[in-house]
Student: 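Before I ask anything, let me first share the structure, which is written out below as structure tokens.
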Amino acid sequence: MIARTHQCGELSRSHVGQTVTLNGWVQGRRDHGNVIFIDLRDRQGITQIVFNPEISASAHQGAHILRSEFVAAVTGTVALRPEGSANPDLATGEIEVLVKDVEVLNEAKTPPFVIEDEAEVTEALRLKHRYLDLRRPKMQKLLTLRHEVTQKVRSYLNGQGFLEVETPMLTKSTPEGARDYLVPSRVNPGSFYALPQSPQLFKQILMVSGMDRYYQIARCFRDEDLRNDRQPEFTQIDLEMSFVDRDQVMGSMEQMLRLVFREAAGIALPAPFPRMTYVEAMGGYGSDKPDLRFGMPLLDMSGFAATSEFKVFKDAVAKGGIVKALIVKGGATMPRSRIDALGETAKGWGAKGLAWVKVAQGGQLESVIAKFLDGKQLLASAPDAKPGDLLLFGADKPKIVHDVLGRLRLLLGDELNLVDRQAWKPLWIVDFPLLEYDEEGKRYVALHHPFTSPMDEDLLRLETDPLSVRAKAYDLVLNGNELGGGSIRIHRRDVQSKVFDLLGIGKEEAAAKFGFLLEALEYGAPPHGGIAFGLDRLIMLLGRADSIRDVIAFPKTQRAQCPMTDAPSPVAQDQLKDLKIKLDLVD
RNA sequence: GGGGCCGUCGUUCAGCCUGGUUUAGGACGCCAGAUUGUCAAUCUGGAGGUCGCGGGUUCAAAUCCCGUCGGCCCCGCCA
């Protein structure tokens with residue numbers, strides 16, 4: 001093989017006259033009879049190579065067999081392209097290589113789809129031939145971005161005194177959280193490892209070990225249904241720090257993210273990131289991950305509703321519920337059919353209905369419920385509502401009102417094109433409740449996870465009023481996406497036991513499932529806390545990718561299968577026998 | 001577990017509602033020939049399809065009905 005002297009994206013005017021060798025794939029062939037142009041492609045770029053019988057008759061002859069995706073080595077001289085034939089769309093467009101020698105390194109079948117960014121192919125086919133799909137410059141850029149981001153992250157954390165430590169992939173099944181992927185143990189028939197949902201417990205143990213600062217670009221597994229932004233195996237930037245409080249973790253992470261965004265993508269994030277409490281986020285945006293790229297906050301109209309003549313509003317407040325509104329600027333032009341459709345959508349999300357009011361040019365109200373409402377009072381309660389606007393009301397328990405109006409806000413933000421697509425709006429959500437009440441299970445469950453520390457000043461209410469206890473937890477939200485979450489952990493055995501009690505995890509159960517952690521806490525566990533970021537989602541946002549699958553080299557389909565390898569697949573009887581497993585598939 | 005959209009030459013899409021007028025069509029790709037400045041090259045010609053699969057209705061099914069398989073999106077689920 002003739003080894004390359006340069007890559008396909010690096011030759012320029014300054015190389016003119018040099019003899020070079022390029023290795024790469026044939027992108028396309030333009031045969032003009034006596035002169036043949038071929039675009040040779042590698043990861044770095046594309047260079048036009050020219051076969052001219054006046055330069056080399058044998059090379060020109062050899063070029064005739066070259067086809068798309070053939071792998072070739074060519075040697076020739078770099079030449080400036082003739083006047084007027086430079087290609088401004090190509091980084092190497094000023095020059096071309098006049099080929100003297102060509103070697104076919106490998107032939108290729110005609111690919112099932114063309115290797116171009118604009119190629120219109122179904123994703124199924126792309127995934128089946130992922131090796132071809134990944135040849136597309138767009139995919140190579142995304143994987144390159146991913147590489148650069150992880151390198152920046154490593155470099156930042158290394159500089160801050162973090163140690164990269166690997167934790168087990170074969171570990172213990174944890175009771176709460178997502179469904180586990182299980183791995184049978186041949187040596188211990190009937191027992192199973194679980195693939196980690198996150199290295200949570202191990203990183204806490206590492207703090208007890210005195211590692212002080214840990215990080216890992218950690219693969220995590222959760223056997224739940226897939227989404228556009230969810231894969232069964234995904235990667236977290238996972239880290240933990242000793243002797244820190246919330247502000248130190250958040251401060252350090254802001255610095256890291258600002259560095260990564262600036263250096264890997266040229267994006268300037270604000271300093272500091274804004275913060276919002278959980279209560280403010282839910283109340284103002286109906287979400288614990290508000291998209292701040294547009295306004296339209298939820299407006300509390302409960303006071304107005306309580307004194308109105310509209311029974312639905314009055315009753316909602318009387319029963320301890322709330323009434324909130326979205327002000328849709330200029331929404332008075334929205335046709336009745338669309339408003340009704342929004343109402344149906346809201347019902348699908350659990351609302352009983354969607355009251356609406358249009359503010360006419362004269363300031364009077366237009367609505368089927370207008371006769372029950374005092375226009376002046378309404379506008380006094382909603383000073384931002386102007387003639388031409390539409391108000392949409394939710395009246396119910398706070399949870400439903402916030403959920404429905406929050407979703408409606410996102411739907412309308414998108415539909416009415418209110419979202420600033422160029423904006424980057426990071427946001428910390430803090431002061432989460434420690435617990436929430438699970439109506440189905442009739443018990444308290446941890447909002448974050450069972451190892452999250454309660455706020456010191458709320459500790460006394462753990463037993464008397466558990467739902468009012470706030471956690472030392474924090475989520476990082478970017479453009480309405482939850483990018484990461486973490487907390488200061490419980491480092492005292494007695495507090496951890498109390499929290500387990502509240503969660504209904506008995507002493508025996510706690511000992512069986514987390515005994516090692518509880519014991520570790522008894523041997524001088526330092527105060528510690530950390531955070532984990534979803535690397536895939538981060539890359540997806542930074543690279544403006546359409547789906548999480550575009551930033552993972554070999555992703556799964558929605559049915560959690562890999563079309564290229566055909567995983568998962570049945571296994572041989574002998575393999576099952578080794579594991580002492582008998583299949584008895586039940587519905 | 002539930003809802004929606006989709007499946008037609010290698011690829012992508014039309015045809016399907018209103019069954020026969022289709023020898024299933026276009027574009028890209030592929031093959032052959034022509035072509036000395038293209039870069040989505042161009043021109044001429046050509047090959048290429050069990051209409052996802054199975055069953056049913058009918059004189060007749062890509063087209064109507066039922067089932068099934070596969071892909072994507074969403075709800076539930078994802079501490």
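Numbers restart at 1 for each chain; the letters A, B, ... are given by sequence-line order, proteins then strands.
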Student: Trp349(A) has an atom CH2; how far is it from atom C1' of C74(B), in whole Å?
Tutor: 11 Å
Student: Checking contacts here: which listed nucleotide (U11(B), U38(B), G29(B)) is nearest the side-chain heavy atoms of Glu96(A)?
Tutor: U38(B)
Student: Compare the aromatic ring of Phe37(A) with the six-membered base ring of U38(B) and state whether they stack according to the 5.5 Å and 30° rule.
Tutor: yes
Student: Pairing check on U23(B): which nucleotide meets the Watson-Crick or G-U wobble criteria with it, both distances under 3.5 Å?
Tutor: none
Student: Find the distance Leu411(A):CG to C75(B):P and express it as a whole number of Å.
Tutor: 12 Å
Student: Which part of the nucleic acid does Ile36(A) contact within heavy-atom distance under 4.0 Å: base, sugar-phosphate only, or nothing?
Tutor: nothing
Student: Starting from C1' on U38(B), measure out to CD1 on Ile38(A) and report it in whole angstrom.
Tutor: 12 Å
Student: Quick one: do Arg130(A) and Asp133(A) make a salt bridge, cutoff under 4.0 Å?
Tutor: yes
Student: Assess whether one donor atom and one acceptor atom, taken from the side chain of Arg230(A) and the base of C78(B), lie less than 3.5 Å apart.
Tutor: yes
Student: Check this for me: does any side-chain nitrogen of one of Glu10(A) and Arg4(A) sit under 4.0 Å from a carboxylate oxygen of the other?
Tutor: no
Student: Below 4.0 angstrom from OP1 or OP2 of C30(B), is there any side-chain N or O of Ser68(A)?
Tutor: yes
Student: Test for a donor-acceptor pair under 3.5 Å between the base of G71(B) and the side chain of Arg126(A), counting only N and O atoms.
Tutor: no
Student: Could you check whether Arg41(A) pairs with Glu69(A) (Lys NZ or Arg NE/NH1/NH2 to Asp/Glu carboxylate O, under 4.0 Å)?
Tutor: yes
Student: Any salt bridge linking Asp475(A) with Lys289(A)? Criterion: basic side-chain nitrogen under 4.0 Å from a carboxylate oxygen.
Tutor: no
Student: Sugar-phosphate atoms are those with a prime plus P, OP1 and OP2; base atoms are the rest. Using that split, label each nucleotide of nucleotides 39-50 of chain B B, S or - for protein heavy atoms under 4.0 Å, 5' to 3'.
Tutor: B-B---------
Student: How many Å lie between NZ on Lys128(A) and C1' on G71(B), as a whole number?
Tutor: 14 Å
Student: Surrounding OH of Tyr193(A) (heavy atoms of other residues, nucleotides or ligands, distance under 6.0 Å), is the total greater than 12?
Tutor: no
Student: Leu98(A) has an atom CG; how far is it from atom P of U36(B), in whole Å?
Tutor: 18 Å
Student: Whole Å only: how far is the CG atom of Asn228(A) from the P atom of C78(B)?
Tutor: 20 Å
Student: For Gln558(A) and G76(B), what is the distance between atoms CD and C1' respectively, to the nearest whole Å?
Tutor: 13 Å
Student: Name the nucleic acid region contacted by Gln561(A), choosing base, sugar-phosphate or nothing; use a 4.0 angstrom heavy-atom cut-off, strictly under.
Tutor: sugar-phosphate
Student: The test is side chain to side chain contact (heavy atoms under 4.5 Å, CB included); show your working for Arg126(A) and Met139(A) and say whether it passes.
Tutor: CA-CA 11 Å; Arg126(A) 286 174 51 201; Met139(A) 298 303 288; 3.7 Å; yes
Student: U12(B), G29(B), C72(B): which one has an atom nearest the side-chain heavy atoms of Thr557(A)?
Tutor: C72(B)
Student: On RNA chain B, does the nearest nucleotide to Ala124(A) precede the nearest nucleotide to Arg67(A) from the 5' side, or the other way round? Give the residue.
Tutor: Arg67(A)
Student: Given that both distances must come in under 3.5 Å, which nucleotide forms a Watson-Crick or G-U wobble pair with C64(B)?
Tutor: G56(B)
Student: Ion pair present between Arg230(A) and Asp225(A), side-chain N to carboxylate O less than 4.0 angstrom?
Tutor: no
Student: Closest to the Val121(A) side chain: U36(B), U12(B), G71(B)?
Tutor: U12(B)
Student: In whole Å, what is the span from the CZ atom of Arg559(A) to the C1' atom of G1(B)?
Tutor: 14 Å
Student: Toward the 5' end of RNA chain B, which comes first, Pro112(A) or Gly348(A), by nearest nucleotide?
Tutor: Pro112(A)
Student: Got a salt bridge between Arg407(A) and Asp403(A), using NZ or NE/NH1/NH2 to carboxylate O under 4.0 Å?
Tutor: yes
Student: Starting the side chain at C-beta, find the nucleotide from G37(B), G29(B), G70(B) nearest to Thr110(A).
Tutor: G29(B)
